Peer 1: 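Attaching a single structure in structure tokens format; questions to follow.
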Amino acid sequence: MADEGETPKILVDDDWKNQAQAEKAKLAEEEAAREAEGDQPQQGKLPPADFRGLVGMLASQAIMYMGGMAHPESGQPIFDPDTSAHLIDLLGVLQEKTKGNLSDEESQELDTILQELRARFVELIQVVAKQQGAGPGAPPAVGGEPAGGASSIITP
């Protein structure tokens, strides 16, 4: 229990950081495999645009805004539940609009990513709600009311 004079702090689940690091390691492995096959983009050029890259970019940004990655300059986690909810909703729109046009692998990957992001978002909002309900002195949520962002992403 926290002392009466102590301000509750937002706890960021270290598992999110571990997942971001695991994704980074997976991308590094894939890049190494491409390099071994000679399919490496030339220095200074962007890799080819593909569906997996688009989904990965949106998912990484959603994780970042849930506090899963630190700001490069400040080193502090970025916490903006409204932006995170918006990015998850964009992935949901992408899923809906591409239904029937994706390979089985792409469809399964998008389904899995959305399930994980939605579950993590709901967990985060519940933690924030508990901390806000802790009484006077509880820190407000950054980026707006968490409940407003949660309603659109909870249902698939």
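Nothing here was measured: the structure is a model prediction, and the numbers come from that model.
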Peer 1: Do the non-hydrogen side-chain atoms of Leu94 and Phe51 ever get within less than 4.5 Å of each other?
Peer 2: yes
Peer 1: Any chance you could measure Asp89, atom CG, to Gln95, atom CD, to the nearest 0.5 Å?
Peer 2: 12.0 Å
Peer 1: Going by atom types alone, do Glu116 and Thr112 pair a side-chain donor with an acceptor below 3.5 Å?
Peer 2: no
Peer 1: Within the distance-only criterion (no hydrogens, no angle test), does the side chain of Ser103 pair as donor or acceptor with the backbone N or O of Glu106 below 3.5 angstrom?
Peer 2: yes
Peer 1: Is the count of non-hydrogen atoms from other residues, nucleotides or ligands lying under 6.0 Å from Asp50 atom CG greater than 12?
Peer 2: yes
Peer 1: Can you sort out the partners of Glu105 under side chain to side chain donor-acceptor pair (under 3.5 Å), two or more places apart, ordered by chain and number?
Peer 2: Arg52
Peer 1: To the closest 0.5 Å, what do you measure between NZ (Lys130) and CD1 (Ile125)?
Peer 2: 13.5 Å
Peer 1: Could you state the interatomic distance from CG (Asp80) to CD (Gln61), rounded to the nearest 0.5 Å?
Peer 2: 12.0 Å
Peer 1: Could you grab the distance from atom CZ of Arg120 to atom CD1 of Ile63, nearest 0.5 Å is fine?
Peer 2: 6.5 Å
Peer 1: Please report the closest heavy-atom contact between Leu114 and Ile88, naming both atoms and the distance.
Peer 2: CD2-O, 3.7 Å
Peer 1: List the atom of Ala70, the atom of Gly75, and the distance in Å for their closest heavy-atom pair.
Peer 2: CB-O, 3.4 Å
Peer 1: Indicate the atoms forming the closest heavy-atom contact of Pro77 with Gly67, along with that distance.
Peer 2: CB-O, 3.8 Å
Peer 1: Within a strict 4.5 Å, meaning less than it, do heavy atoms of the Phe121 and Met66 side chains meet?
Peer 2: yes
Peer 1: From Ile113 CD1 over to Arg118 CZ, what is the distance, rounded to the nearest 0.5 angstrom?
Peer 2: 12.0 Å
Peer 1: Do Ser107 and Asp111 come within less than 4.5 Å of each other through their side chains, counting heavy atoms only?
Peer 2: yes
Peer 1: Mind checking the CE-CD1 spacing from Met69 to Ile78? Nearest 0.5 Å is all I need.
Peer 2: 9.0 Å
Peer 1: Does Ser84 reach the main-chain N or O of Ala62 with its side chain, forming a donor-acceptor pair under 3.5 Å?
Peer 2: yes
Peer 1: So do Val128 and Pro81 actually touch side chain to side chain, heavy atoms under 4.5 Å?
Peer 2: no
